[in-house]
Amino acid sequence: SGWIADTNAVGSAILPEDSYTTIIKFVAGKNATGTVWADDFMLYGRNGSWAGQDWNTQVGVPTGWFYWLPPGGGNDGRLSDGYENTKITDEESYQGKYSLKFENLPGTHDGFVGTKKYLLDASTPSGRVTSNSYDITALKDAKPGDVLRVSVWLKAQNLDPVEMSQIGDQASFGITPIFHNTSGNNEGWGEFWSRDIPLKFPSVTSFDWMQFYVDVPVQEGAKSISVRLHPLGRFKGTIYCDLLEVRKLDLVDVETEEAIPVQYTLFQNYPNPFNPATVISYALPKQSNVSLKIYDILGREVRSLLNSEQAPGMYKVEWDGKNDFGKKVATGTYIYTISTGEFVQSKKMILLK
């Protein structure tokens with residue numbers, strides 16, 4: 001036959017005691033004949049309430065990660081509402097062969113992938129804990145008041161920059177650090193502090209691999225931390241995630257480290273085509289004298305938008321479709337060019353009236 005769901009009722013399987021590892025076997029009897037395929041093994045419970053899920057299924061969740069997807073309490077046995085669009089993929093990667101892919105979560109439900117808990121005490125062994133492409137630095141000697149940096153590399157496609165620019169809006173993509181007052185696998189979840197922190201993306205429909213991060217202080221009473229990669233309820237588009245890392249910042253880092261891009265980048269303007277205005281975004285990995293100019297298709301300068309020294313960071317500049325004399329330019333194709341002395345790049349844009 002075709003694919004069918006074979007399931008028992010919610011709550012019908014009850015563990016006799018707290019379980020560090022639960023093994024579910026799919027068994028063919030000794031007299032079985034024919035061929036059977038099995039996919040998408042799920043555990044869900046609490047009669048539909050929110051509950052962490054741990055599936056080793058089509059999404060290829062790495063050991064130590066769990067999924068918590070819509071509608072309520074995981075998917076509750078449904079292969080829809082975002083679950084089928086969240087997976088480990090070899091389509092793109094920043095490091096290694098795989099990345100985590102979120103794509104077009106439907107409706108208004110959140111979806112996320114989260115890590116297991118990582119200890120915050122002196123007994124944590126030094127070194128790194130690695131699972132697939134995901135990497136977390138052991139947080140040795142992290143104390144209340146210390147600042148932790150949670151960073152991840154992202155690649156985006158088919159975004160709606162207008163929606164994404166509304167920081168805090170439910171169409172954003174965020175990082176959620178969570179502090180726990182428990183540490184052991186059988187001690188309960190123990191979540192007592194968490195924040196959904198939306199990330200600020202450039203005003204573009206797509207961008208190549210970029211590193212994003214949030215900084216959070218260790219909370220009093222925290223014994224461990226976990227992290228969610230978190231597309232919020234009305235997120236649309238595709239995000240690839242790779243190389244998640246949590247590390248403790250030194251005092252000098254806290255005082256001087258900024259959100260510094262790793263390379264010069266000139267993004268495609270948005271909207272494009274446009275009328276009457278458009279936004280040009282760019283990234284500077286270090287202090288630079290930046291020139292940003294608009295030319296017509298014949299190479300004649302139309303507008304000088306910027307010519308100044310700028311610190312490392314992400315920037316946005318709006319062009320209102322006017323020339324240096326304040327007059328609106330004609331419909332057509334224009335070239336915008338950024339120059340920093342060691343980096344020059346140009347892109348085309350179209351003004352329609």
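- Applying the side-chain contact (heavy atoms from CB on, under 4.5 Å) criterion to Pro217, with sequence neighbours excluded, gives Gln219.
- Partners of Phe192 by ring-ring contact (aromatic ring centres under 6.0 Å, His included), not counting sequence neighbours: none found.
- Side-chain contact check for Ser203 and Lys316: at least one donor-acceptor pair (N or O, by modelled atom type) lies under 3.5 Å.
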Derivation and outcome, ring-ring contact (aromatic ring centres under 6.0 Å, His included), residues Phe274 and Trp319: CA-CA 10 Å; Phe274 67 96; Trp319 183 40; 5.8 Å; yes
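- Between Lys155 and Asp208 a salt bridge is recorded (basic side-chain N to carboxylate O distance below 4.0 Å).
- With no hydrogens or angles considered, no side-chain donor-acceptor pair links Thr340 and Ser288 at under 3.5 Å.
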Arg303 and Asp320: CA distance, side-chain angles, deciding distance, salt bridge (Lys or Arg N to Asp or Glu O under 4.0 Å) verdict: CA-CA 10 Å; Arg303 178 78 174 271; Asp320 57 8; 3.0 Å; yes
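- Shown here is Lys328, whose NZ atom has no more than 12 heavy atoms of other residues, nucleotides or ligands within 6.0 Å.
- Within 6.0 Å of NZ in Lys348 there are 12 or fewer heavy atoms belonging to other residues, nucleotides or ligands.
- Annotation: side chain of Val152 is not in contact with side chain of Asp242 (no heavy-atom distance under 4.5 Å).
- Under the rule for a salt bridge (Lys or Arg N to Asp or Glu O under 4.0 Å), Glu220 has no partner lying at least two apart in sequence or in another chain.
- Although no hydrogens or angles enter the test, the distance criterion places no donor-acceptor pair under 3.5 Å between the side chain of Asp324 and the main chain of Gly326.
- Listed by chain and residue number, nothing satisfies the ring-ring contact (aromatic ring centres under 6.0 Å, His included) test with Tyr240 (two or more places apart in sequence, or in another chain).
- Thr176 and His230 share a donor-acceptor pair across their side chains, judged by distance under 3.5 Å alone.
- At least one donor-acceptor pair closer than 3.5 Å links the side chain of Thr278 to the backbone N or O of Pro271.
- Electrostatic pairing of Asp90 and Lys97 does not count as a salt bridge here, judged by no charged N lying under 4.0 Å from a carboxylate O.
- Between Val218 and Phe179 the shortest side-chain heavy-atom distance falls below 4.5 Å.
- In this structure, Thr89 contributes its side chain and Glu91 its backbone to a donor-acceptor pair below 3.5 Å.
- Side-chain atoms of Val147 and Val216, non-hydrogen and from C-beta on, never get closer than 4.5 Å to each other.
- In this structure, Phe207 and Phe267 have perpendicular ring planes: the angle between them is above 60°, well past the 30° mark.
- By the 4.0 Å N-to-carboxylate-O rule, Glu342 lies close enough to Lys286 to be salt-bridged with it.
- Under the rule for a side-chain contact (heavy atoms from CB on, under 4.5 Å), the partners of Thr205 that lie at least two apart in sequence or sit in another chain are Pro161, Tyr270.
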Step-by-step salt bridge (Lys or Arg N to Asp or Glu O under 4.0 Å) determination, Lys236 to Asp160: CA-CA 7 Å; Lys236 290 292 181 290; Asp160 183 340; over 6 Å; no
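- The CG atom of Leu352 sits 6.5 Å away from atom OG1 of Thr331, with the distance rounded to the nearest 0.5 Å.
- The main-chain N or O of Asn269 is found under 3.5 Å from a side-chain atom of Tyr336 such that the two form a donor-acceptor pair.
- Using a cutoff of 4.0 Å between basic side-chain nitrogens and carboxylate oxygens, Arg228 and Glu191 are scored as salt-bridged.
- Between Phe173 and Phe212, the gap from one ring centroid to the other reaches at least 6.0 Å.
- Every residue two or more places apart in sequence or in another chain was checked for a salt bridge (Lys or Arg N to Asp or Glu O under 4.0 Å) with Glu309, and none qualifies.
- Leu266 CG to Ser281 OG: the interatomic distance, rounded to the nearest 0.5 Å, is 9.0 Å.
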